[in-house]
Amino acid sequence: MPETILTIHKRRSIRKFQKKDVPIEIINEILDAGRMAPSAKNRQPWKYIVFGNGHKKELLNVMDAGLRREEHGITDLPKSGHGLSDARNTLRVMLEAPIIIVVLNTNARSPFLSVDNDERITEICDSLSIGASIQNISLAAEEKGLGTLWIANTCFAYEELMSYLDMKAQLVGAIAVGYADENPMQRPRKPLDEVVEYRL
């Protein structure tokens, strides 16, 4: 099996990390892989902010405040409350990981604001581009012996986190990075014939 395909098959979402620092040189290498992803109209809409040590703790205290607000019923996501327990577990994982990479879309603003049809299409295309970038980062991390977790539960603390980051952008999510302290089995995947339709 070609090495790239093997890396794709080996990659797992990691939720337990060793208490071991990740050299900044390796972080730069995996972010450079993210930078090389394809993007719509070559807009390259991604920005990464790397948090570690005390800065990471500060960031996650802000996320905790957002989760507490949601738990008290003050919410922009009234139909998503069932996901709060999972968001709490995600916060635990983020606290354990030595590095958190916050991922932003520099071309978009809050998902809670209305946009016109043209802006929505641009936002969708940029989100696809950022997804490719995050996948590149995750696969490069796997090749460097690191584990990652792609995180979207930042949505529950969106306003708090954006206020803390003080950025004019859209918070897409985050990536927890570190040396894995688990070796999970692959989760089930739908069979190919269920997800592919040929019209040749």
Side-chain angles (χ1 to χ4, degrees), residues 11-17 30-31 34 37 39-40 43-52 55-117 119-138 141 147-178 187:
R11 187 214 60 81
R12 299 287 183 271
S13 295
I14 298 300
R15 293 175 174 84
K16 292 181 181 174
F17 293 92
I30 68 172
L31 290 173
S39 65
R43 281 191 292 267
Q44 303 173 58
W46 41 72
K47 182 170 179 72
Y48 321 106
I49 307 178
V50 181
F51 287 87
H55 294 286
K56 184 195 80 169
K57 190 170 187 328
E58 197 173 77
L59 173 80
L60 298 183
N61 284 340
V62 171
M63 183 165 166
D64 178 64
L67 293 182
R68 281 187 278 111
R69 172 187 49 74
E70 286 281 328
E71 288 160 349
H72 285 93
I74 305 165
T75 180
D76 288 315
L77 299 166
K79 297 178 183 174
S80 300
H82 61 277
L84 281 170
S85 61
D86 183 61
R88 273 279 164 215
N89 186 53
T90 297
L91 183 60
R92 177 199 60 77
V93 173
M94 294 169 84
L95 284 162
E96 193 176 292
I99 295 291
I100 298 297
I101 303 170
V102 169
V103 184
L104 299 163
N105 178 350
T106 57
N107 291 337
R109 300 298 173 257
S110 170
F112 302 116
L113 297 175
S114 296
V115 295
D116 64 32
N117 292 345
E119 291 169 323
R120 180 68 69 213
I121 294 300
T122 297
E123 185 179 63
I124 290 169
C125 292
D126 285 344
S127 295
L128 290 168
S129 304
I130 290 167
S133 175
I134 293 172
Q135 178 77 343
N136 275 14
I137 290 167
S138 296
T148 59
L149 181 66
W150 184 337
I151 294 163
N153 277 327
T154 50
C155 61
F156 289 108
Y158 189 92
E159 297 301 338
E160 288 85 354
L161 288 168
M162 286 308 294
S163 176
Y164 170 73
L165 294 169
D166 193 25
M167 300 277 301
K168 287 195 167 125
Q170 183 181 90
L171 174 61
V172 175
I175 312 165
V177 182
R187 296 182 73 182

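Keep in mind it's a predicted model, so treat the numbers as computed, not measured. The residues of the chain are indexed from 1 along the displayed sequence.
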Considering all heavy atoms, the nearest Arg11-Ser138 contact: CD-CB, 4.0 Å

Rounded distance [0.5 Å steps], CG in Leu104 versus CD1 in Ile130: 8.0 Å

Cationic N near anionic O, under 4.0 Å, Glu71 to Arg68: no

Heavy atoms from other residues, nucleotides or ligands near CG of Asn117 exceed 12 (cutoff 6.0 Å): no

Nearest heavy-atom neighbours spanning Ala174 and Thr154: CB-CG2, 4.2 Å

Nearest heavy-atom neighbours spanning Ile14 and Leu149: O-CB, 3.3 Å

Electrostatic pair Arg69:Glu159 at N-O distance under 4.0 angstrom: no

Spatial distance of atom CE (Met63) from atom CD (Glu160) [nearest 0.5 Å]: 10.5 Å

Taking every non-hydrogen atom, the tightest pair across Val177 and Phe17: C-CE2, 3.9 Å

Side chain Lys56, main chain Leu95, donor-acceptor under 3.5 Å: yes

Minimal non-hydrogen separation, Ala157 against Leu67, with atom names: CB-N, 4.4 Å

Glu96 side-chain N/O to Val93 backbone N/O, donor-acceptor pair under 3.5 Å: no

Ser133 side-chain N/O to Ser129 backbone N/O, donor-acceptor pair under 3.5 Å: no

Separation between NZ of Lys47 and OG1 of Thr106, rounded to the nearest 0.5 Å: 8.5 Å

Over 12 non-hydrogen atoms of neighbours within 6.0 angstrom of NZ in Lys16: no

Which atom of Ala108 lies closest to which atom of Glu123, heavy atoms considered: CB-OE2, 4.0 Å

Check against side chain to side chain contact (heavy atoms under 4.5 Å, CB included), Thr122 and Arg43: CA-CA 10 Å; Thr122 297; Arg43 281 191 292 267; 3.8 Å; yes

Distance, nearest 0.5 Å, that separates CE of Met94 from CD1 of Ile99: 12.0 Å

